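Source: prediction; values computed, not measured. Just so you know, these numbers use all the heavy atoms, side chains as well, and skip hydrogens, waters and symmetry mates. Both counts, for ligands and for their atoms, begin at 1 and track the order of listing.
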Amino acid sequence: MLSTAFTETFGVRHPIVQGGMQWVGRAELVAAVANAGALGMITALTQPTPEDLAGEIARTRELTDQPFGVNLTILPAITPPPYEEYRQVIIDSGVKIVETAGSSPAPHLPDFHAAGVKVLHKCTSVRHAVKAQDLGVDGISIDGFECAGHPGEDDVPGLVLIAAAAEQITIPMIASGGFGDGRGLVAALALGADGINMGTRFMCTEESPIHRTVKEAIVAAKETDTELIFRPLRNTARVASNTVSREVVEILSRGGQFEDVRELVAGARGRLVYENGDPEAGIWSVGTVQGIIHDIPTAGELVERIVADAESLISERLAGLLNPVHA
Ligand code: FMN
């Protein structure tokens with residue numbers, strides 16, 4: 001067992017989190033992760049209404065009696081989703097852990113804390129991590145440049161970002177972006193984190209509710225097979241490299257505006273990738289870690305393997321460096 005400040009504070013068996021994933025973070029995957037002793041997150045905004053979120057939480061409870069959380073991604077929008085209603089559903093449902101991401105958790109913290117909900121805030125820079133810590137969140141998840149989805153605009157990979165954050169963060173801290181195996185977990189712990197968050201790796205498990213062809217595409221892809229879209233708009237997202245994402249990069253690099261790519265990046269097209277299994281149907285998030293993903297295990301097998309590999313790396317390979325056996 002690897003016991004850390006994260007496992008102690010958040011009451012989960014293993015220091016492993018399955019971060020929020022639009023279209024992917026549903027009951028089947030979250031329950032499988034929870035049953036494996038790690039922390040799964042239902043993605044609130046995948047559910048079209050707050051009532052649907054209540055239903056998804058109930059569905060997850062039917063599949064597991066272990067703790068799980070909900071991801072609330074707060075993004076600026078012309079017509080924002082009813083965040084307060086989603087928040088209230090989380091509170092009323094009795095879920096005790098929330099992952100906030102996208103922007104400041106400040107408007108939501110008082111209500112969550114009053115209801116005894118622990119808040120793990122995910123961000124992509126040390127300054128935002130420190131700000132969230134000062135606001136009183138219960139844990140920080142820090143996402144390096146390797147990650148799927150939004151890596152921010154600073155382009156600092158995990159090796160430096162996690163160590164730099166560890167110098168200032170005193171609450172439990174989870175390292176995110178580029179993690180997929182026991183080696184990564186040990187590296188994160190060595191850098192000062194209390195565990196790892198994974199998106200892409202959990203997306204490529206048996207219980208992940210997306211078409212198998214997409215999982216096979218992740219297994220086949222290399223670490224170089226991602227694109228950074230929306231860079232000129234300062235809203236960078238790391239997505240799978242395909243004809244659609246390459247066209248988006250091209251249009252924007254020629255000075256195009258969001259309107260010029262709106263149809264190409266439509267969420268409905270991305271959803272079709274997962275439903276129909278056509279990796280070329282639209283934009284879909286994936287991280288550089290795909291280059292070291294070689295199989296599609298169950299979430300349970302994956303968590304067990306990561307923990308076992310991390311333990312033997314620490315007790316055998318690393319400990320062996322301190323006590324070399326010379327022939
Ligand atoms: N993070 C969020 O906070 N909200 C989201 O809606 C969200 N959607 C994602 C969808 C997919 C398909 C993936 C792969 C990631 C998504 N993420 C989202 C980011 C993950 O929670 C996590 O931070 C990231 O995947 C970590 O990097 P990794 O993929 O290298 O493990």
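In the vicinity of Met198, heavy-atom distances shorter than 4.0 Å reach the ligand 1 atoms 31 (O). Under a 4.0 Å criterion applied to the non-hydrogen atoms of Asp143, ligand 1 contributes the atoms 23 (O), 26 (C). Residue contact check: Asn71 has heavy atoms under 4.0 Å from atoms 2 (C), 3 (O), 4 (N) of ligand 1. Ligand-side atoms of ligand 1 in range of Thr73: 2 (C), 3 (O), 4 (N), 5 (C), 6 (O), range being under 4.0 angstrom from any heavy atom. Listed by atom number, the atoms of ligand 1 under 4.0 Å from Asn197 heavy atoms are 22 (C), 23 (O). The atoms of ligand 1 that sit less than 4.0 Å from any heavy atom of Gly177 are 26 (C), 27 (O), 30 (O). Of all the atoms in ligand 1, the ones that sit under 4.0 Å from a non-hydrogen atom of Ser285 are 11 (C), 12 (C), 13 (C), 14 (C). In the vicinity of Ala101, heavy-atom distances shorter than 4.0 Å reach the ligand 1 atoms 3 (O).
Summary of contacts: the protein heavy atom closest to atom 30 (O) of ligand 1 is Gly178 N, 2.8 Å. Nearest non-hydrogen protein atom to atom 13 (C) of ligand 1 is Met21 CG, 3.5 Å. In this structure, the protein non-hydrogen atom closest to atom 26 (C) of ligand 1 is Ser176 OG, 3.4 Å. Protein heavy atom nearest atom 12 (C) of ligand 1, with residue, atom name and distance: Tyr274 OH, 3.4 Å. At the top of the distance list for atom 24 (C) of ligand 1, counting protein heavy atoms only, stands Ala148 O, 3.8 Å. Gln22 N, 3.4 Å is the protein heavy atom nearest to atom 6 (O) of ligand 1. Among all non-hydrogen protein atoms, the one lying nearest atom 25 (O) of ligand 1 is Gly199 CA, 3.3 Å. Looking at atom 29 (O) of ligand 1, its nearest protein heavy atom turns out to be Thr200 OG1, 2.6 Å.
Under the 4.0 angstrom criterion for non-hydrogen atoms, Gly20 is in contact with ligand 1. At least one heavy atom of Met203 sits closer than 4.0 Å to an atom of ligand 1.
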### Message
Using side-chain hydrogen bond (donor to acceptor under 3.5 Å, both in side chains), reason through Asp154 and Ser125 one step at a time and then give a plain yes or no.
### Response
CA-CA 7 Å; Asp154 293 347; Ser125 70; 4.6 Å; no

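Atoms CD and CD1, on Glu311 and Ile306 in that order, are 12.0 Å from each other to the nearest 0.5 Å.
Salt-bridge annotation for Arg183 and Asp309: absent, with no side-chain N of the basic residue lying under 4.0 Å from a carboxylate O of the acidic one. Salt-bridge check for Arg305 with Glu301: failed, with every basic side-chain N at 4.0 Å or more from each acidic carboxylate O.
Applying the side-chain contact (heavy atoms from CB on, under 4.5 Å) test between Ile296 and each of Ile218, Thr205, Val219 identifies Val219 as the sole match. With Gln18 as the partner, the side-chain contact (heavy atoms from CB on, under 4.5 Å) test is satisfied by one option alone out of Ile42, Leu29, Val24, Leu39: Leu29.
In terms of modelled atom types and a separation under 3.5 Å, the side chain of Arg26 and the main chain of Trp23 share a donor-acceptor contact. Asn71 contributes no side-chain N or O that, together with a main-chain N or O of Gln22, makes up a donor-acceptor pair within less than 3.5 Å.
Between Phe258 and Phe230, the ring planes lie tilted relative to each other; the angle falls in the 30° to 60° range.
Contact detail for Met173 and Ala165: the closest heavy-atom pair is SD-CB, 3.6 Å.
Contact annotation for Lys122 and ligand 1: only side-chain heavy atoms (C-beta onward) come within less than 4.0 Å of the ligand.
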